[in-house]
Number of protein chains: 2
Amino acid sequence: MATAEFTKDLCTPALIVDLDIVNRNAQAMLDRFQKFGVQLRPHMKTHKTLDCADIMTGGSRRCIVVSTLAEASLYADNGYDDILYAYPLPFDKVERCAELSERLSLFHVLLDNRLALRELKKRPLKQGKVWRVWMKLDCDNGRVGVPHYDPASLQLAQEISETAGVELTGIYAHCGNTYGCKGEEQIKAVAQNTTTFTLQFMEKLKAAGMHSPKSSIGSTPSCSHPVPDMAMLSEVHPGNYVFYDVQQSLIGSCRLEDVAVRVLTRVIGHYPHRNQLLVDCGWTALSHDGGGRLPTGYCIIEGHPDLKLLSMTQEHGRVESISGKLDFSQFPLGSLLSLMPYHACATAMMHPVYFVHSKGKIIGTWKPTRGW
Amino acid sequence: MATAEFTKDLCTPALIVDLDIVNRNAQAMLDRFQKFGVQLRPHMKTHKTLDCADIMTGGSRRCIVVSTLAEASLYADNGYDDILYAYPLPFDKVERCAELSERLSLFHVLLDNRLALRELKKRPLKQGKVWRVWMKLDCDNGRVGVPHYDPASLQLAQEISETAGVELTGIYAHCGNTYGCKGEEQIKAVAQNTTTFTLQFMEKLKAAGMHSPKSSIGSTPSCSHPVPDMAMLSEVHPGNYVFYDVQQSLIGSCRLEDVAVRVLTRVIGHYPHRNQLLVDCGWTALSHDGGGRLPTGYCIIEGHPDLKLLSMTQEHGRVESISGKLDFSQFPLGSLLSLMPYHACATAMMHPVYFVHSKGKIIGTWKPTRGW
């Protein structure tokens with residue numbers, strides 16, 4: 001890809017997105033869960049653009065997850081609806097959530113504690129609307145959520161469903177613990193546990209006489225290798241899969257051929273006395289995510305398995321050879337290298353514009369939203 | 001600061017900048033080099049805003065360094081001049097550099113090799129202008145530059161000064177190796193070496209019969225603790241000092257009281273079963289810079305030396321107690337914490353807007369430029 005004709009006119013560093021791979025990844029996820037009879041509610045946090053959201057929703061512009069209100073507003077302002085703000089309700093943003101709830105036909109919030117519920121009660125919605133609330137359940141991931149085994153989880157669900165002006169819309173679990181997996185078998189074991197704990201909790205709700213809210217679990221690894229029991233869930237909510245990255249390939253979610261993004265960079269210096277070359281990609285273009293722990297450092301340098309991105313400063317990357325002397329004649333000053341990022345979410349976040357290509361041509365740009 | 005009245009109305013996470021500390025840091029650097037009789041050419045890369053550039057230049061809007069052409073354009077479009085693009089000339093950006101050279105009264109480029117010089121020759125400037133070229137000298141920093149001890153350094157300088165349409169304007173060295181120092185004594189040793197190597201090189205130029213170009217060295221540590229010989233340089237070019245950060249305090253460039261920026265964050269979750277609380281600051285608000293290796297993790301949590309920012313995901317930060325059980329009653333849901341960043345350049349880069357305060361009040365916002 002680095003040698004494709006279109007790349008030579010791009011100013012570097014540049015984030016380039018392969019539209020054909022994006023379409024393939026998005027379609028595969030849509031197909032996978034259509035077969036399961038489970039609603040896909042794709043997460044927008046990786047790209048934060050309108051164009052990619054259209055692709056991930058199959059053009060419906062409905063049923064998405066966001067990680068910030070900046071994303072929620074971008075989508076709400078552009079004809080999207082049924083937006084789930086899957087973030088533990090921040091008390092400073094209740095008013096903005098209320099406005100989105102009143103304006104959209106479906107805007108959902110998430111919480112895992114009683115005080116957040118009290119904040120919602122303090123701000124009843126106008127126009128006879130009710131707050132759509134998802135309760136976050138922690139199924140051994142250990143970030144947000146009431147532990148699934150804790151009796152407090154059932155109590156909180158009960159309290160939500162008994163509160164006037166509030167509806168218990170769903171139960172939400174994130175299986176971020178799939179990120180510690182190596183290979184399909186381990187991923188499926190975590191997916192199974194998360195599914196089992198979530199479904200058991202749904203049974204408890206039923207036994208306690210509560211109406212049946214929706215259930216949703218997600219992470220790119222688990223949704224790339226779903227287990228059959230996931231067919232009993234209402235929804236899933238992966239996000240990274242549209243781009244994938246080196247990390248996902250190491251976990252076993254995808255092959256390297258499925259990674260849709262690269263940072264294009266140019267050689268800007270030759271330093272034979274220390275066997276290094278410099279590229280114009282620092283942490284402002286790639287991020288420090290992954291900590292440089294790959295055998296090839298902070299990324300994979302496409303087509304050059306013997307090169308390592310050793311370190312970065314703000315605008316410079318130091319590249320060296322894993323073994324032996326660098327052949328500098330292979331990498332003339334001004335020539336291009338294509339970096340496959342460790343973590344696409346972190347790399348995309350560094351770019352104010354993404355360059356989209358298809359069949360060897362740049363066909364447009366995508367502009368992400370930023371902030372909160 | 002976290003408890004200051006003004007913070008309670010800010011949506012979090014937010015980058016807040018203490019204008020009084022910024023003014024003090026900027027003035028101290030201006031005064032220090034005025035006494036030395038050396039021109040301060042402040043670097044804009046840390047903040048990338050117009051407002052802060054005004055402060056760092058003492059209102060002159062002249063004589064600055066930038067790390068990207070996006071910065072160069074921002075400043076050129078807003079009345080700034082005498083701009084040094086201190087980055088090894090990228091061959092894809094020669095035309096943009098030429099336009100800036102033709103448009104401004106002084107726009108400087110930098111190079112460390114003969115091929116870059118050839119690129120400049122291929123694009124002669126209009127209006128009888130000449131390319132203003134700084135040659136990068138590597139004084140044992142090991143990033144960009146011709147090694148100071150290498151005869152090729154003198155040859156390249158000679159070639160630049162003999163090229164028609166090109167002027168050897170200066171010799172530029174970055175003492176980034178001060179970032180490995182602990183304390184004033186070590187910083188001064190590196191500052192002395194860099195200064196000595198640079199001045200020796202200036203002598204060689206003179207002996208070779210070349211006119212006297214300018215000389216400039218810089219880094220925040222060395223310019224915070226300059227050695228007397230630096231008075232023999234023409235310029236210095238530090239940048240980070242206007243904000244400083246935890247890293248600079250550990251190097252010995254500043255005290256913690258000199259750090260001008262914080263990330264303001266809110267408590268969004270209590271998890272007593274794992275002795276952790278969650279805050280709404282992930283790597284999108286702080287960056288992963290520093291790798292979490294501080295005793296307090298990825299930052300210092302102001303006023304709470306016993307707290308550690310253990311890990312971050314995209315929008316979440318996990319905080320725990322360094323010793324013993326967390327007293328959750330001290331950190332109610334919705335309450336604020338103030339994080340002092342490890343690396344201000346990396347943290348500022350994550351924010352589309354900075355909130356500026358003085359004497360307990362928010363007095364405005366600064367908007368940085370992004371991209372390249």
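Computation of the quantities below employed the complete heavy-atom set of this structure, encompassing side-chain atoms and omitting hydrogens, waters and symmetry-equivalent molecules. All chains are named by letter (A, B, ...) in the order of the sequence lines, taking the proteins before the strands, and each is independently numbered beginning at 1.
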Practice task
Just do the side-chain contact (heavy atoms from CB on, under 4.5 Å) check on A:Arg370 and B:Arg370 with the steps written out, would you?
Solution key: CA-CA 11 Å; A:Arg370 294 288 175 248; B:Arg370 294 287 176 250; over 6 Å; no

Problem - Engaged part of A:Arg143 at the chain B interface, taking heavy atoms whose separation is under 4.5 Å - result: both

Practice task
Below 4.5 Å from any heavy atom of chain B, which atoms of A:Ala346 appear? Answer side chain, backbone, both or neither.
Solution key: both

Completion exercise
Separation between CD (A:Gln314) and CG (B:Asn240), nearest 0.5 Å, reads 9.5 Å

Handout entry: Heavy-atom proximity to chain A below 4.5 Å, by part of B:Ala14
Key = neither

Practice task
Below 4.5 Å from any heavy atom of chain B, which atoms of A:Lys45 appear? Answer side chain, backbone, both or neither.
Solution key: both

Exercise for the section: Just give me the residue among A:His288, A:Arg266, A:Met349, A:His316 that pairs up with chain B most often, heavy atom to heavy atom, under 4.5 Å. Expected result: A:His316

Fill in the blank from the handout: If one checks every heavy atom of A:Ala285 against chain B at 4.5 Å, the contacting part turns out to be both

Exercise for the section: Below 4.5 Å from any heavy atom of chain A, which atoms of B:Leu278 appear? Answer side chain, backbone, both or neither. Expected result: side chain

Fill in the blank from the handout: When the 4.5 angstrom heavy-atom criterion is applied to A:Asn113 and chain B, the contacting part is side chain

Exercise for the section: Select one option (side chain, backbone, both, neither) describing which atoms of A:Thr68 are under 4.5 Å from chain B's heavy atoms. Expected result: side chain

Exercise for the section: Tell me, for B:Asp289 versus chain A, whether the close heavy atoms (under 4.5 Å) come from the side chain, the backbone, both or neither. Expected result: both

Practice task
Identify which part of B:Asp280 has an atom lying under 4.5 Å from any heavy atom of chain A, answering side chain, backbone, both or neither.
Solution key: both

Problem - Interchain contact, A:Glu315 with chain B, by part (heavy-atom threshold 4.5 Å) - result: both

Exercise for the section: Could you walk me through whether A:Asp92 and B:Lys8 pass side-chain contact (heavy atoms from CB on, under 4.5 Å), step by step? Expected result: CA-CA 9 Å; A:Asp92 55 318; B:Lys8 77 173 183 15; over 6 Å; no

